[in-house]
Protein chains: 2
Amino acid sequence: MAPVPRYQQIAAILRARIEAGKLAPGQRIPSEPTLMQEFGVARNTARHAIGLLRDEELVVTVPGVGTFVRSR
Amino acid sequence: MAPVPRYQQIAAILRARIEAGKLAPGQRIPSEPTLMQEFGVARNTARHAIGLLRDEELVVTVPGVGTFVRSR
DNA sequence: CTATATTTGTGCGTATGTATG
DNA sequence: ACATACATACGCACAAATATA
């Protein structure tokens with residue numbers, strides 16, 4: 001039984017928040033350190049989750065600033 | 001083989017200076033850029049070391065000013 | 001009051017090492 | 001060999017707070 005990787009779980013949670021409007025377009029999603037604390041994971045794992053959302057073009061990352069929900 | 005992380009080493013050095021009175025209560029400890037140069041580390045690493053001392057309540061940080069040895 | 005420099009706060013990019021299944 | 005996950009540590013950029021000229 002393949003357990004769902006945590007980075008996928010975290011991505012799913014963030015995706016749900018975005019689709020529920022809890023994270024609105026243009027809004028900044030929680031930073032990597034925040035996700036680290038909220039989910040109790042390492043930075044790599046938090047980054048991996050964000051990377052999935054970026055691949056889906058749900059979010060856009062601005063280096064040094066943050067990651068934002070994409071407007072549509 | 002776990003080498004002692006540099007941020008722990010730096011924290012230990014600063015802690016020793018404090019306990020030896022080389023850094024007296026109320027006195028400002030070296031700034032982050034100074035620690036970077038003195039120990040040849042990145043800012044994150046210097047900050048990590050300071051963070052440990054802050055967790056131990058050996059120092060207090062004032063944003064925009066510096067980090068000071070705690071009085072007791 | 002304005003402008004500049006200093007210092008800390010925050011956030012992301014990247015690389016490497018360790019450990020486990 | 002590979003994927004997952006944590007830890008360490010380098011870097012860059014910009015903002016906020018403070019001090020000083």
Side-chain angles (χ1 to χ4, degrees), chain A residues 1-18 22-72, chain B residues 1-19 21-72:
Chain A
M1 308 294 284
V4 178
R6 302 176 85 166
Y7 66 84
Q8 282 186 16
Q9 295 178 20
I10 294 170
I13 291 170
L14 295 176
R15 197 181 300 116
R17 287 184 192 168
I18 290 171
K22 292 176 182 174
L23 291 173
Q27 186 179 348
R28 196 174 74 86
I29 73 171
S31 70
E32 291 170 1
T34 301
L35 293 176
M36 288 169 67
Q37 189 160 30
E38 177 175 356
F39 296 103
V41 296
R43 194 184 159 200
N44 287 355
T45 306
R47 280 180 61 75
H48 199 158
I50 294 173
L52 293 183
L53 302 180
R54 196 162 42 230
D55 289 347
E56 298 168 16
E57 298 188 326
L58 277 179
V59 299
V60 177
T61 296
V62 182
V65 181
T67 297
F68 301 83
V69 179
R70 217 179 165 199
S71 313
R72 49 182 130 168
Chain B
M1 309 296 284
V4 178
R6 288 203 231 191
Y7 67 85
Q8 282 186 16
Q9 295 178 19
I10 294 171
I13 291 170
L14 295 177
R15 196 181 301 115
R17 287 185 193 167
I18 290 171
E19 285 165 0
K22 292 177 184 173
L23 291 172
Q27 186 180 348
R28 207 196 68 142
I29 73 171
S31 70
E32 291 169 3
T34 300
L35 293 176
M36 288 170 67
Q37 189 160 29
E38 177 175 356
F39 296 104
V41 296
R43 197 181 157 202
N44 287 353
T45 306
R47 283 179 61 78
H48 199 159
I50 294 173
L52 293 183
L53 302 180
R54 198 164 39 233
D55 289 346
E56 299 168 17
E57 297 187 328
L58 277 179
V59 299
V60 177
T61 296
V62 182
V65 182
T67 297
F68 301 83
V69 180
R70 216 179 167 199
S71 314
R72 44 180 138 169

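The sequence lines fix the lettering, A, B, ..., with proteins before strands; numbering per chain opens at 1. Note that the structure is a prediction, hence the values are computed from the model and not measured.
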Within this structure, what is the [atom1]-to-[atom2] distance between [X] and [N], rounded to whole angstrom?
X: B/M36; N: C/dT7; atom1: CE; atom2: C1'; result: 12 Å
X: B/L52; N: D/dA7; atom1: CG; atom2: C1'; result: 13 Å
X: A/R54; N: C/dC12; atom1: CZ; atom2: P; result: 10 Å
X: A/I50; N: D/dA5; atom1: CD1; atom2: P; result: 15 Å
X: B/F68; N: D/dA17; atom1: CZ; atom2: C1'; result: 13 Å
X: B/Q8; N: D/dT8; atom1: CD; atom2: C1'; result: 11 Å
X: A/Q37; N: C/dT10; atom1: CD; atom2: P; result: 12 Å
X: B/E32; N: D/dG11; atom1: CD; atom2: C1'; result: 15 Å

*Toward the 5' end of DNA chain C, by each residue's nearest nucleotide, A/P63 or B/G64*: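 Counting from the 5' end, the first nearest nucleotide belongs to B/G64.
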*Using heavy atoms to find the nearest nucleotide of DNA chain C for A/N44 and B/I29 separately, return the residue whose nucleotide is more 5′.*
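Looking at DNA chain C, the more 5' nearest nucleotide goes with B/I29.
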Below 4.0 Å: OP1/OP2 of [N] and any side-chain N or O of [X]:
X: A/Y7; N: D/dT4; answer: yes
X: B/T45; N: D/dT8; answer: no
X: A/S31; N: C/dG11; answer: yes
X: A/R43; N: D/dT8; answer: no

*To the nearest 0.5 angstrom, please state how far the CG atom of A/L53 sits from the CD1 atom of A/I29.*
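Interatomic distance, A/L53 CG to A/I29 CD1, rounded to 0.5 Å: 6.0 Å.
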*Just how far is it from atom OG1 of A/T34 to atom CZ of A/F39, taken to the nearest 0.5 Å?*
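One finds 10.5 Å between OG1 of A/T34 and CZ of A/F39.
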*Given that both distances must come in under 3.5 Å, which nucleotide forms a Watson-Crick or G-U wobble pair with D/dA1?*
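Paired with no nucleotide.
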Return the nearest nucleotide to the side chain of [X]; candidates are [options].
X: B/R6; options: C/dC12, D/dA9, C/dT8; result: D/dA9
X: A/A42; options: C/dG13, D/dA19, D/dA7; result: D/dA7
X: A/R28; options: C/dG9, C/dG11, D/dT8; result: C/dG11

*Between B/T45 and B/R6, is any side-chain donor less than 3.5 angstrom from a side-chain acceptor?*
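No, no side-chain donor-acceptor contact under 3.5 Å.
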*Have a look at B/G51 and say if it touches a base, only the backbone sugar-phosphate, or nothing, with a 4.0 Å heavy-atom cut-off.*
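No contact.
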*Using a heavy-atom cut-off of under 4.0 Å over every strand shown, decide if B/R47 touches base, sugar-phosphate, or nothing.*
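Base contact - B/R47 has a heavy atom under 4.0 Å of at least one base atom.
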*Measure the shortest side-chain to side-chain distance between A/V59 and A/L14 over non-hydrogen atoms and say whether it is less than 4.5 angstrom.*
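No - every pair of side-chain heavy atoms lies 4.5 Å or more apart.
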_Whether over 12 other heavy atoms sit under 6.0 Å from B/Q37 CD_ =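 Open: at most 12 neighbouring heavy atoms sit under 6.0 Å from CD of B/Q37.
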